[in-house]
Number of protein chains: 4
Amino acid sequence: MPKVKPETLAIRREEILQAAEICFARQGFHQTTIQDVIKQSGLSAGCIYGHFTGKEELIQAIGESRHGRDSALLALKDPSDDVLQSLRSIARAFLGDLQKEEGLRARRVALQLWAEALRDDVVRDQVVSGIRQPIALIVDLLRRGQKSGAIDPHVQPRGAARAMVAMFQGIVLQRLWGETVSTAEAMHAFDIFLAGLAARR
Amino acid sequence: MPKVKPETLAIRREEILQAAEICFARQGFHQTTIQDVIKQSGLSAGCIYGHFTGKEELIQAIGESRHGRDSALLALKDPSDDVLQSLRSIARAFLGDLQKEEGLRARRVALQLWAEALRDDVVRDQVVSGIRQPIALIVDLLRRGQKSGAIDPHVQPRGAARAMVAMFQGIVLQRLWGETVSTAEAMHAFDIFLAGLAARR
Amino acid sequence: MPKVKPETLAIRREEILQAAEICFARQGFHQTTIQDVIKQSGLSAGCIYGHFTGKEELIQAIGESRHGRDSALLALKDPSDDVLQSLRSIARAFLGDLQKEEGLRARRVALQLWAEALRDDVVRDQVVSGIRQPIALIVDLLRRGQKSGAIDPHVQPRGAARAMVAMFQGIVLQRLWGETVSTAEAMHAFDIFLAGLAARR
Amino acid sequence: MPKVKPETLAIRREEILQAAEICFARQGFHQTTIQDVIKQSGLSAGCIYGHFTGKEELIQAIGESRHGRDSALLALKDPSDDVLQSLRSIARAFLGDLQKEEGLRARRVALQLWAEALRDDVVRDQVVSGIRQPIALIVDLLRRGQKSGAIDPHVQPRGAARAMVAMFQGIVLQRLWGETVSTAEAMHAFDIFLAGLAARR
DNA sequence: GATGAATGAGCCTTCATTCAT
DNA sequence: TATGAATGAAGGCTCATTCAT
């Protein structure tokens, strides 16, 4: 029988994660010390270790929360009958998020996770699963498009979907390095790809 | 009057860098200790610090050498008159490298650098300049394609080039996370994009 | 709300300083490693660095505490109306301290500080201020003596005070090098100086 | 049969010592690295180790050379029949040297040696012997003065001599810490002492 | 003798983690 | 549960010294 409401537990956990994410976005995982997280959260070392077994778990928990938020982005799309329109609206949601300061901060952490995935299997699974979801969604859309005739039947849905996701990942990288990539510019490039999907007549 | 040829200096430097790159690919920058580099290189701490001021400089030097090797990849393309063929051959060179073990190891380090670029301005400049080069090359090809009529005049060369590079970056990420992306699959997706470039709308 | 009284903080600080002083007296500042202080204090490295930022600060803190103890010595003198007697009793307090083992150990550290003052401005200020205090006191006594007629009006109080202090410093040096300087011998020499102060010329 | 003239040997040795003294005066013994001496001398590590077994020997050699130069100072006095005049001229030589930049630099090193004497027996012997010489000289003068009636017979020559030397040492300290001690001021104080010596009539 | 690249022991310092209160 | 002083293993780096040329 927990004396403290599990709700309070979750709130405290969330506080810590938020503080950690701020630190991680600012300095990266390995430059961030637990002391930094302590200062940022206003809590104590003991308290943090009461909620997480250590720094690694903190990173993984951040990975988990990022994962959830990315999924939420996908769910925003309006279920249109026009497959190309649906793809376009997914893209637009993604690119729009990338222009906002908060979205950018989240991507800074994401890039850390992408690198961390090379060493931490838990993180790699999070990252990979975070990519398979949109790929599966797009594959599904493409198949429907092929059925309806909107998309060239020679297109391999899996490869095309993977490439689209790859393109967005690359754009995230470039944005993070300070390159200017406007939503219009990126949508233009995306439309080229969509044109290719529909091209063979 | 140095008894040892200045040549030896460069060789020793290269030895250290190679050892460091192996360690970095294996464990990442921040998990790699100087002690690791010492063991890997068979040299001593003092010797390494005689050639590099510290770990940061070691990372930057690795970034510099990666930079050089990536540029070399671009130079391999045969200067064909057919713009689309040229783009395809650039893509093929890139993707081929990605299937080789050595290419993959180099990309593991590259991903570390991509993340490091968020914190180290020297690395960021290296990374950014390493991306502007292929973009400029592709922009040039696209312009020529538009002149010759092979490419849709509505295409914005800059955005399209950026998107192509982004796509390759994303594919690198996915490969590094253990996803299977065959050259054929990636070339197929690339061809979709090329079709979009050529499409009359 | 600290669970531990701030008092404990000061006690711990004092423990560290005492350990450091023992080490410094034994081996000098630069031969003493933090490791030595750790062993002597029975504490851990982290603990010491929680109270002092490094060795330099430790040295300065030692300088500060020496400073305080020296001031205390001066305060011991009984405020007699006879200026020469007052000077003599200051001298006696000083020389007496120099015969005790503890006083000698403290002087060993003081000599280190004297040398350190050449390089560390904080220490130099401590040392200089530690010398200006007795000089000011003696100047004051001499002026009073001149008013009362006990001391030759031609005497320049500042220079004479400085010379007296210098004499004591030199005696400290000689004692530290193992020379035998008895209190009687030193007092005899001091009396010669006092005789000079009183002399009609 | 040495292939190189022993003269050359000595010259090289002197070069090294001069470079070392400059470094030592600037940064102290323990802040000075052999590398510093190498740079200052323009020679190589191996060369220095060909002439000295290590840093400690270098310090001791510096101590030895200081020793010699101080003795030289004493020899400058003109052998007057007036004992008080002789003492005064010794004092003047000493104090004059202290106003010159070069004399000050030498004293900076001397202070290092004074501190070093606590730990290095060779240095302590040098320092002590460097003090006994002037003391012996002054004792001799005082005895002669007592014979001639110029100096109070109650004066204990040994203690008085020691005190005079002590006074000069203290003045050196104060000068090194940046205090302004003019020759006139110091001579005035010295004269007070001399007056004390002659005082009892 | 002279050179200077290389050595490696050992120093200072950090920081993830623990535990008595 | 929360606190935060204390721990101590381990990392980055320096520098006196050596030795092949």
Side-chain angles (χ1 to χ4, degrees), chain A residues 2-4 8-9 12 30-38 41-58, chain B residues 1-6 8-9 12 30-38 41-56 58, chain C residues 1-6 8-9 11-13 16 30-38 41-56 58, chain D residues 2-5 8-9 12 30-38 41-58:
Chain A
K3 287 179 189 161
V4 180
T8 313
L9 260 283
R12 188 51 49 99
H30 304 291
Q31 271 56 44
T32 296
T33 68
I34 293 288
Q35 207 48 236
D36 292 331
V37 179
I38 288 168
S41 67
L43 295 167
S44 67
C47 179
I48 287 172
Y49 278 86
H51 290 271
F52 297 91
T53 62
K55 201 173 169 182
E56 188 172 350
E57 194 177 297
L58 214 44
Chain B
M1 57 193 87
K3 291 268 167 75
V4 183
K5 311 133 202 162
T8 314
L9 263 285
R12 188 49 49 99
H30 304 292
Q31 271 56 43
T32 297
T33 69
I34 293 289
Q35 214 41 241
D36 292 332
V37 179
I38 288 167
S41 67
L43 294 167
S44 67
C47 179
I48 287 172
Y49 279 90
H51 290 269
F52 298 91
T53 61
K55 202 166 155 184
E56 188 173 348
L58 216 41
Chain C
M1 56 195 87
K3 291 271 168 76
V4 184
K5 311 134 204 162
T8 313
L9 265 284
I11 289 176
R12 187 50 48 96
R13 224 185 117 89
I16 296 169
H30 304 292
Q31 272 57 43
T32 296
T33 68
I34 292 289
Q35 214 41 240
D36 292 331
V37 179
I38 288 168
S41 67
L43 295 167
S44 67
C47 180
I48 286 172
Y49 279 89
H51 290 269
F52 298 91
T53 61
K55 205 167 155 182
E56 186 172 350
L58 217 40
Chain D
K3 288 180 187 161
V4 180
K5 285 167 256 175
T8 314
L9 260 284
R12 189 49 52 98
H30 304 292
Q31 270 58 45
T32 296
T33 68
I34 294 288
Q35 207 49 234
D36 292 331
V37 179
I38 289 168
S41 67
L43 295 167
S44 68
C47 178
I48 286 173
Y49 278 87
H51 289 270
F52 297 91
T53 62
K55 201 175 169 179
E56 188 172 348
E57 194 177 297
L58 214 43

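The sequence lines fix the lettering, A, B, ..., with proteins before strands; numbering per chain opens at 1.
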Mind checking whether [X] and [Y] have side chains closer than 4.5 Å, heavy atoms only?
| X | Y | result |
| --- | --- | --- |
| D:S41 | D:I48 | yes |
| C:Q31 | C:D36 | no |
| B:L43 | B:R12 | yes |
| C:R13 | C:I16 | no |

**OP:** For C:L43 and for A:G42, locate the closest nucleotide of DNA chain F by heavy-atom distance; then report the residue assigned to the nucleotide nearer the 5' terminus.
**Re:** A:G42
Would you kindly give the [atom1]-to-[atom2] distance between [X] and [N], to the nearest whole Å?
| X | N | atom1 | atom2 | result |
| --- | --- | --- | --- | --- |
| C:R13 | F:dA5 | CZ | C1' | 16 Å |
| D:I48 | F:dT18 | CD1 | P | 14 Å |
| A:D36 | E:dA16 | CG | C1' | 12 Å |
| C:I16 | F:dA5 | CD1 | C1' | 11 Å |

**OP:** Might you point out which heavy atoms bring B:I38 and B:S44 nearest each other, and give the distance in Å?
**Re:** CG1-C, 4.2 Å
Original post:
Going 5' to 3' along nucleotides 12-17 of chain F, which nucleotides have protein heavy atoms under 4.0 Å from the base (write B), which only from the sugar-phosphate (write S), and which from neither (write -)?
Top reply: SBBBSB
**OP:** Could you tell me whether the phosphate oxygens of F:dA6, OP1 or OP2, come under 4.0 Å of any side-chain nitrogen or oxygen in C:R12?
**Re:** yes
Original post:
Distance check: side-chain N/O of C:H51 vs OP1/OP2 of F:dA5, anything under 4.0 Å?
Top reply: no
**OP:** With a 3.5 angstrom cut-off on both distances, give the Watson-Crick or G-U wobble partner of F:dT21, or none if there isn't one.
**Re:** E:dA2
**OP:** Look at the side chain of A:K55 and the backbone N and O of A:T33, then say whether any donor-acceptor pair between them is shorter than 3.5 Å.
**Re:** no
